[in-house]
Amino acid sequence: MSYNLLSEPIRKFIRDKRWESLRPIQAAAIFKIISTDNNYILASRTASGKTEAAFLPILSKTDFNSIGVQVLYISPLIALINDQFYRIEDLCKDLEISVTKWHGEAKKSLKTNLIKNPNGIVLITPESLEAMFVNAPYNVSTLFGNLKYIVIDEIHSFLGVDRGLQLMSILSRIQQVNKSKITTIGLSATIGDDNYIEAKRLTGDIDSTKILLDKAQKETEAKFKYFKNNSTELSLDLLKDLYKETSSNKVLIFPNSRGRTEEIAVKLRKISDRVNGHKFYYSHHSSVDKEIRESVEHFAKNNERFNFCISCTSTLELGIDIGTVDKIVQIDSTHSVSSLVQRIGRSGRREGEKSIVNLYATNKWSLLQSLACWNLYKSGFLEPINTAKKPFDILLHQLLSIAKQLSGCPRSELFKRIRLNPTFKEITEIEINTLIDKFIELDYLENIDRELILGIEGENIVNSREFYSVFKTEPNFKVLHSGKKIGDIPFSPQVRIDENILLAAKIWKIVDIDFKGSKIIVIPASDGKKPKFFGGGGNIQNRIREEMLSILKSNKNYSELDKSSCEVIAEMRHDFKGFAVKDFKFDCPFIEKEGKILIYTFTGSKINKSLNFLLSLTGIEPSFDDHSSTFELEIDKFTFKNLVQEINEKYERINDYLKVELTENESLIGFSKWGEYLPLDYQAEIVKERYYDFENAIELINNMNLIESV
DNA sequence: GACCTGCTGCGGGCTG
């Protein structure tokens, strides 16, 4: 039925491709998109034909003879735009619809041609759209003033993050230059039943956005292995076992950090050389040069014959298609269930194939967390997504962007545009006006002839290459070998002449450092240390920690565990046997000895951080470890119980305490690129909303049952 | 005990 709704040229395209039938998500999307004007979120697993599900009906329904770009496709990655360009161009080739790539690495001449003759489909990134609004606002209306559809790929990657708020604001600004309503189609992997509301929110119109969902999942086979680590490097036993498990397959290994990624690639390659195994060992992460990464992706995608092993970070978690993978290896627990879902989804992509995953652990808490994630994965749980309600930092960024776009406008006009933008719906009119006043005071904006323009400070911020994105990046040194770029690494004490480093799955000796030009010259070497990178800890969601405690208090046997992991879980169960825990949310195992108490909170990282902050306000110095979710306090149980009242009282003035903390510790606002430009009160608000979780911390402290061992 | 993402406009020199 859906097929018959399509225009004849599109039906011919399907006949020529000899598709036997439409995929479920395609049939549903074609019917809905053609017969209604609603926005849709198409959610189904990777490689299920979502791109065609959106574009077949859009191409059928849209008149591409009208002036202006008709369809805008937005992607979080340049690599994905380049991939999708071929797919979309293939759909359009007999329809005389032009397709244009528009991103930082796209040809300028193609952009110029499009401006002369705006038409067809444009593939773009959010940052390129931001840049267009700032530098050539007239192009926005010329190109996108008659837009019919916006397609957002990998929409889940925008949810709950600053980049998503920026995109949401840009979508609203594009709608503001259009007379008629633009229809939005979001493409997504499954994001959990409770999270679809967040995807709807991004389109700016929750009520007329509907979800089309294909929940079909692959069967997954998991195997847990335990090899205790006693040093900072991986044990030889683990590496030997890992080699045995991976040498005769096409494998992706996810070791959670760039340093360890290199360690594994280099060490497995060494073992393989020794036993005459294959030579296709690679590392793939953000510090490896882009061209080298692309050649690795190309090899994985186009080679049928040889086995390979790519040790990688989340660079290979989403987006780009790297073809068939037999097996996934996870070294120590993922930080979230959704990350585990994405990684497992990378194997067994062919019809009827199972996904296979090996989960290694190098310490007991990581094993327990990994098992908890696996249980939650099987139950269909995915972490809840929270969109910031009052993103003052993004408001500042967008206010400056709009001021530049309009190059002078009455204050009422600027105010109106912010009010019309659903991204800032929860921010009050008083707050907007107070902030505009503050920004005038700080010279971000300036009042001239009853119009607001960018002030001197505002110009400095906007006229920088850094302005277009809302995420931070670290400064790097280029690593070069005989003129060829190997990658980029941050400066660390390790960057010294004669030091050996691992990069791009090879070992290098540093022979020269050019501090002025930020360059490091290297030559091949035969032995070296893994590179050091900086980074904060990850945030673990409270549901994972509750599941960890629940595993400790159950007797369930897991056939997925090998002998040593079974023993480790048994030992941990023995350690926690005496604690009569019933409620996994509020019951906390508790030990008191020698004037100290130890509390196992088994709760999320943000809640732990908030507890730590609240406890330190009472004057005691908690010693807190998020890895095991424990607090050690040099007080007795009685004193601890008396603190609860004091903590509740302090919480009533939490913003004042946060302001003091922000003055003393500037890095606290570091998670927000534009937050540091805000007045202190507003910094405190976004820290409270996004960095901490005081509401749940207070709920826990007020309901906490300390369970002693019997 | 972390990972990832993107990027204008202009002038000057060089190549075909």
Side-chain angles (χ1 to χ4, degrees), chain A residues 74-82 101-106 108 111-112 124-137 139 153-154 156-164 166-167 170 229 232 254-262 283-288 290 293 311-320 330-336 338-340 342-343 361-363 365-366 369-370 397 401 404-405 459 462-474 488 490 531-540 544-545 604-605 608-609 624-630 671 673:
Chain A
I74 302 174
S75 151
L77 304 172
I78 289 179
L80 190 58
I81 290 183
N82 296 341
K101 288 191 269 192
W102 187 301
H103 55 64
E105 293 167 15
K108 186 121 194 245
K111 298 181 183 174
T112 318
I124 202 164
T125 60
E127 287 75 15
S128 281
L129 280 167
E130 186 77 73
M132 203 188 290
F133 268 113
V134 168
N135 296 313
N139 284 346
D153 209 348
E154 305 272 10
H156 54 280
S157 74
F158 291 111
L159 303 180
V161 297
D162 293 353
R163 205 176 178 203
Q166 178 191 24
L167 176 59
I170 287 172
N229 237 22
T232 54
F254 290 94
N256 288 354
S257 77
R258 287 175 285 175
R260 187 132 280 171
T261 295
E262 292 293 348
S283 78
H284 192 288
H285 54 81
S286 66
S287 294
V288 175
K290 201 173 167 180
R293 279 197 270 167
S311 181
C312 57
T313 59
S314 50
T315 44
L316 289 183
E317 200 175 282
L318 110 163
I320 36 178
Q330 176 64 43
I331 311 286
D332 282 329
S333 180
T334 54
H335 295 83
S336 69
S338 33
S339 183
L340 183 64
Q342 297 263 18
R343 292 175 183 187
T362 65
N363 69 73
W365 289 107
S366 175
Q369 186 177 316
S370 198
H397 182 256
S401 178
K404 178 78 191 273
Q405 173 197 347
E459 288 278 358
V462 178
N463 294 331
S464 142
R465 202 164 171 264
E466 277 294 304
F467 182 72
Y468 313 110
S469 69
V470 294
F471 49 83
K472 277 192 172 174
T473 42
E474 59 190 351
D488 301 270
K532 290 192 178 76
F533 297 98
F534 308 112
N539 277 331
I540 310 299
I544 294 175
R545 292 268 161 75
S605 309
N608 277 334
K609 283 183 203 165
F624 146 61
D625 174 43
D626 191 53
H627 191 46
S628 56
S629 194
T630 50
F671 67 88
K673 182 167 171 180

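Note that these values count all heavy atoms, side chains included, but never hydrogens, waters or copies made by symmetry. Chain naming here is simple, since letters A, B, ... match the order of the sequence lines and numbering starts at 1 in each.
Atom pair A/D162:CG and B/dC3:C1' shows a separation of 16 Å (rounding to whole Å applied). Atom pair A/R163:CZ and B/dC7:C1' shows a separation of 11 Å (rounding to whole Å applied). One atom, CZ of A/R343, and another, P of B/dC4, lie 10 Å apart when rounded to the nearest Å. For A/I74 and B/dG6, the CD1 to P distance is 15 Å, given to the nearest whole Å. We find that CD of A/E105 is positioned 12 Å from C1' of B/dT5, with the value rounded to whole Å. For the pair A/K108 NZ and B/dT8 C1', the interatomic distance rounds to 8 Å; values are reported in whole Å. Whole-Å rounding puts the A/H397 NE2 to B/dC7 C1' distance at 11 Å. Note: CD (A/E459) to P (B/dT8) measures 18 Å, nearest angstrom.
Contacts of A/Q369 with the nucleic acid, taken as non-hydrogen atoms under 4.0 Å apart, include base atoms. Using a 4.0 Å heavy-atom cutoff across all strands shown, A/S469 reaches at least one base atom of the nucleic acid. No engagement by A/N463 is indicated, since no non-hydrogen atom pair under 4.0 Å with the nucleic acid exists.
Of the candidates B/dC4, B/dG9, B/dG1, the closest approach to any side-chain atom of A/N135 belongs to B/dG9. When each of B/dT5, B/dC7, B/dC4 is scored by its nearest atom to the side-chain atoms of A/R258, the top-ranked nucleotide is B/dC4. The nucleotide whose nearest atom lies closest to any side-chain atom of A/F471 is, among B/dG9, B/dC7, B/dT5, B/dT5. The listed nucleotides are B/dT8, B/dA2, B/dG6; the one nearest the side chain of A/H335 is B/dA2. Of the listed nucleotides (B/dT5, B/dG1, B/dC7), B/dC7 has the atom at the smallest distance from the side chain of A/I78. Distances from the side chain of A/H103 to the nucleotides B/dT5, B/dC7, B/dA2 place B/dC7 closest. Nearest to the side chain of A/T315, among B/dG1, B/dC7, B/dT5, sits B/dT5. Between B/dG9, B/dC4, B/dG1, one nucleotide has an atom nearer to the side chain of A/S286 than all others, and that is B/dC4.
The phosphate of B/dG1 (OP1 or OP2) has no side-chain N or O of A/R260 nearer than 4.0 angstrom. Contact annotation: A/T313 reaches the phosphate of B/dC4 (side-chain N/O to OP1 or OP2, under 4.0 Å).
Between A/S366 and A/D332, the side chains place a donor N or O and an acceptor N or O closer than 3.5 Å (distance only, hydrogens not considered). No side-chain donor from either of A/S75 and A/D153 sits under 3.5 Å from a side-chain acceptor of the other. Side-chain N/O atoms of A/T125 and A/H103 include no donor and acceptor closer than 3.5 Å.
Annotation: ring pair (Phe, Tyr, Trp, His ring centres under 6.0 Å) contacts of A/F471 (sequence neighbours excluded): none. With sequence neighbours excluded, the residues satisfying side-chain contact (heavy atoms from CB on, under 4.5 Å) with A/N539 are A/S605, A/K606, A/K609.
Under a 3.5 Å cut-off, the side chain of A/H397 and the backbone N or O of A/F467 do form a donor-acceptor pair. Side chain of A/Q405 to main chain of A/M132: no donor-acceptor pair is present (N/O by atom type, distance under 3.5 Å, no hydrogens or angles). Formation of a donor-acceptor pair under 3.5 Å by the A/Q166 side chain with backbone atoms of A/Y468 is found in this model.
Position along DNA chain B of the nearest nucleotide to A/W102 versus A/S628 favours A/S628 as the more 5'-ward residue.
The stretch residues 124-133 of chain A comes close to DNA chain B through A/T125, A/E127, A/S128, A/A131, each having a heavy atom under 4.0 Å from the strand.
For B/dG1, its base never sits under 3.5 Å from the side chain of A/S605 at any donor and acceptor pair.
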